[in-house]
Protein chains: 2
Amino acid sequence: MTNRIRTERRREALSKTRIVEAAIELLDRAGEDALTFRALAAHLATGSGAIYWHVADKNDLLAAAADHIIAGVMADAVRGSSPQDVIRTMALGFFDTIHAHPWVGGQLSRSPWQYAVVRMLEGVGRQVQALGVPEHTQFNAATALMSFILGLAGQYAAGARHFPRDADRTETRKAFLGAVAAKWLQLDPAEHPFVRQVAKVLPEHDDREQFLAGIDLILAGIERIR
Amino acid sequence: MTNRIRTERRREALSKTRIVEAAIELLDRAGEDALTFRALAAHLATGSGAIYWHVADKNDLLAAAADHIIAGVMADAVRGSSPQDVIRTMALGFFDTIHAHPWVGGQLSRSPWQYAVVRMLEGVGRQVQALGVPEHTQFNAATALMSFILGLAGQYAAGARHFPRDADRTETRKAFLGAVAAKWLQLDPAEHPFVRQVAKVLPEHDDREQFLAGIDLILAGIERIR
DNA sequence: GACATGATTGGAACAACGTTCCAATCAATA
DNA sequence: TATTGATTGGAACGTTGTTCCAATCATGTC
C-alpha cells in the first residue's frame with residue numbers, strides 16, 4: 001500500500017508552510033531585522049541548510065511571508081455600495097494589515113513585482129474597471145492607487161524600524177514624531193515655511209485618516225477623468 | 001599667522017564632501033550594492049576607519065548622498081504659469097533624477113525622514129498652499145503627493161536592482177517587463193482578469209507618462225476638494 | 001627649532017549575516 | 001535486507017558594516 005500521505009519524520013516534518021509561519025512569527029514579534037536564518041533555524045530546532053532545501057533564498061522567504069499575509073486580507077470579502085466604497089474598504093484593509101505587520105510594507109515596496117503586489121493590483125484594478133474608467137486609463141489609475149499605497153507602506157515600515165519594540169507602540173511613536181516636529185521647527189522659517197507649519201500638526205495626526213484622505217484624493221481625481 | 005584654511009595633507013584632504021562625491025560616483029556606476037566601505041576606501045585610496053571619522057555610518061553616508069542629488073534638483077528654479085504647472089514640472093524633475101540615479105529612489109523610500117525628503121515636501125507643500133487648499137487639508141494633500149512619488153521612486157529602485165548594468169538600459173528593461181507580462185498572462189483568467197488585461201500594455205508603457213498621469217490624478221482630486 | 005597635543009589616517013580585527021557544502025539520517029522501494 | 005533518493009543539521013566560506021588602535025600629520029608653545 002503506497003501511502004502518499006507523508007508520515008511525520010520527527011515531530012513535524014519541515015515544510016515551506018511551517019517555515020513561512022515561523023518566519024512571520026519572528027517578524028511580527030521582533031521586527032524586520034530579527035529574521036535571520038540562524039534565528040529561524042533555532043526557532044524551528046533545525047539547521048539553516050534544512051531551510052534552504054525548502055526555500056530558494058531570503059527574498060523567496062520574505063515574498064512567501066508577505067504573500068501569506070496579503071492573501072489573508074484579500075480573502076476577506078469586501079462589501080460596498082459603490083466601487084469607490086469597495087476601494088476605500090479594501091485600502092483600509094491594506095492599511096490595518098501593514099500597520100499590524102510593518103515588515104510587510106517594507107517587503108512590498110522593496111520588491112513590487114512579487115505576487116502579493118499583483119494580488120493587490122488585481123483587487124484594486126477590478127474596482128477601477130467597475131468605476132467606468134476608459135480602458136486605456138485604467139492602467140494609470142490603478143497603478144497610481146498602488147503606488148500611493150506602496151509609498152505609505154514603505155513609510156510605515158521605516159517608522160517601525162526606529163522602534164522594534166511593540167510594548168508602547170503608540171507612545172514611542174508620538175515621542176518620535178514629536179522629536180521630528182521639533183527638529184523641523186528649528187529650520188529656517190524663510191526656507192521652510194510649509195514644513196514648519198506642518199510640524200505643528202504632525203505629532204497629533206492620525207495615520208489612518210491621512211491614508212484614507214490620500215485614497216479619496218485619487219478617487220476624486222479618477223472620477224473627474226472618468 | 002593662524003591660517004584657518006586647511007592645507008592639504010597628502011593629495012587632497014579627506015572630507016565628507018569628497019567622500020559623498022566618491023560614493024555617488026560608485027552608486028551611479030555600479031548600483032546600490034556596489035557601495036561598500038571597502039570599495040569606497042579603495043576608490044579614495046584610504047581605509048575604512050578614515051571614512052568613519054567623517055561619517056557616522058552607512059545610512060548617514062547614503063542620506064548625505066541622496067540629499068546632495070535632491071538639493072541639485074530643487075536648486076533648478078521651477079517656472080510655471082500655475083501652481084499645478086509648477087508641481088508638474090517639479091515632479092518631472094524628481095522623476096528624471098530618480099530615473100538617472102535609481103539608488104536615490106531606494107534611499108528616499110527606505111528612510112523617508114531624512115532631510116532630502118523634507119526638502120521635497122517643502123517644495124511640493126508650498127505649491128499646494130498656492131493652490132488655495134484650506135490649511136487643514138494641506139497636510140494630507142502634500143503628503144499624498146509625496147507618498148505617491150516615494151512609492152514610484154521605490155519601484156524604480158527595485159527595477160534597477162534587477163539589472164545593475166547601464167549598457168542597454170532600455171533594452172533589458174523591455175525584456176524584463178516582457179517577462180513579467182508573460183508570467184501575468186499565464187495566470188488564471190477567472191482570478192486575474194484585470195492583471196491579464198494590463199499585461200498587454202505593460203511592456204510598451206512609458207514610465208514618465210505613467211508618473212505624470214498619477215500626479216495629474218492627484219492634482220485633479222485636490223482641485224475638487226479645494 | 002624641538003616638542004607636545006590633538007586631529008586625522010589606514011588597516012587589522014570582530015561579529016553577524018546569507019549562502020554553500022557535505023556527511024549523516026530517514027522513508028520508501030526493490 | 002539492501003539500495004536509493006529525499007531530507008536534515010551544522011560546519012565552513014566569503015562578504016558586509018563597524019570598531020579599535022597604533023602610526024602619522026599639522027599646529028601652537030616653549
Side-chain angles (χ1 to χ4, degrees), chain A residues 1-23 26-27 30-66 103 106-107 110-111 161-162 164, chain B residues 1-20 22-23 26-27 30-66 103 106-107 110-111 114 161-162 164:
Chain A
M1 184 183 86
T2 345
N3 190 1
R4 284 206 184 277
I5 295 169
R6 175 151 302 290
T7 60
E8 282 92 292
R9 181 190 276 245
R10 194 156 298 252
R11 310 291 171 104
E12 304 173 76
L14 218 48
S15 69
K16 184 151 181 178
T17 313
R18 224 162 72 82
I19 291 172
V20 167
E21 279 163 3
L26 225 51
L27 287 162
E32 237 169 325
D33 294 337
L35 181 66
T36 71
F37 278 86
R38 277 161 242 267
L40 190 57
H43 193 52
L44 288 166
T46 179
S48 45
I51 298 177
Y52 267 93
W53 200 90
H54 296 273
V55 147
D57 53 21
K58 189 171 185 181
N59 192 50
D60 179 32
L61 175 56
L62 275 167
W103 56 270
Q107 172 61 17
R110 193 163 34 247
S111 37
R161 227 169 278 131
H162 282 81
Chain B
M1 185 182 85
T2 348
N3 190 0
R4 281 204 186 278
I5 296 170
R6 177 151 302 288
T7 60
E8 280 92 293
R9 184 189 276 246
R10 194 156 299 251
R11 310 289 171 102
E12 304 172 76
L14 218 49
S15 67
K16 184 152 184 177
T17 312
R18 223 160 73 79
I19 291 173
V20 167
L26 226 50
L27 287 162
E32 236 170 326
D33 294 337
L35 181 65
T36 70
F37 278 87
R38 276 161 244 267
L40 191 57
H43 193 53
L44 288 165
T46 179
S48 45
I51 297 176
Y52 267 93
W53 200 90
H54 296 274
V55 149
D57 52 23
K58 190 171 184 180
N59 192 49
D60 179 31
L61 175 56
L62 275 167
W103 56 270
Q107 172 62 18
R110 192 162 36 247
S111 36
Q114 64 188 322
R161 228 169 278 132
H162 281 81

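Below, chains carry the letters A, B, ... as their sequence lines are ordered, and counting in each starts from 1. Just so we're clear, the structure is a prediction, and the values are computed from it rather than from any experiment. Any value given below was found using the heavy atoms of this structure, including those in side chains, with hydrogens, waters and symmetry copies removed.
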Requested in this report: Mind calculating the distance between CG (A:Asp57) and P (C:dG18) to the nearest angstrom?
Outcome: 11 Å
Report task. Take atom CD1 of B:Ile51 and atom C1' of D:dT16, then tell me their distance rounded to the nearest Å. Result -> 14 Å
Query raised in the report: Hey, does B:Ala56 reach any base, or is it just sugar-phosphate, or nothing, if we go heavy atoms under 4.0 Å?
Result: nothing
Query raised in the report: Got B:Asp60 and B:Lys16 here, is their nearest side-chain heavy-atom distance under 4.5 Å?
Result: yes
Query raised in the report: Rounding to a whole Å, what distance do you find between B:Trp53:CH2 and C:dA7:P?
Result: 7 Å
Query raised in the report: Between C:dT19, C:dT9, D:dT19, which nucleotide has the shortest distance from any of its atoms to the side chain of B:His54?
Result: C:dT9
Report task. Among C:dT20, D:dT18, C:dG18, find the nucleotide with the atom closest to the side chain of B:Ser48. Result -> D:dT18
Query - Interatomic distance where CZ belongs to B:Arg38 and P belongs to D:dT18 [whole Å] - result: 11 Å
Report summary line: A:Leu14 CG to D:dA6 P, in whole Å, measures 17 Å
Query raised in the report: Ignoring hydrogens and geometry, is there a side-chain-to-backbone donor-acceptor pair from A:Lys58 to A:Phe37 under 3.5 Å?
Result: no
**Report entry** Note: A:Arg110-A:Glu32 ion pair, threshold 4.0 Å (strictly below)
**Finding:** yes
Report task. Any chance you could lay out the side chain to side chain donor-acceptor pair (under 3.5 Å) test for B:Gln107 and B:Ser111, step after step, and finish with the verdict? Result -> CA-CA 6 Å; B:Gln107 172 62 18; B:Ser111 36; 3.1 Å; yes
Report task. Grab the CG-P distance between B:Asp60 and D:dT18 for me, whole Å please. Result -> 10 Å
**Report entry** Minimum-distance nucleotide (side-chain atoms of B:Thr36 versus C:dT9, D:dT16, D:dG9)
**Finding:** D:dT16
Report summary line: Taken to the nearest whole Å, CG/B:Leu44 to P/C:dG11 is 13 Å
**Report entry** Minimum-distance nucleotide (side-chain atoms of B:Lys58 versus D:dT19, D:dT16, D:dT7)
**Finding:** D:dT16
Requested in this report: For B:Leu40, answer base if it contacts any base atom (sugar-phosphate contacts may also be present), sugar-phosphate if it contacts only those atoms, and nothing otherwise; contact means non-hydrogen atoms under 4.0 Å.
Outcome: nothing
Query - Distance in angstrom units between A:Leu26 CG and C:dG18 P, rounded - result: 11 Å
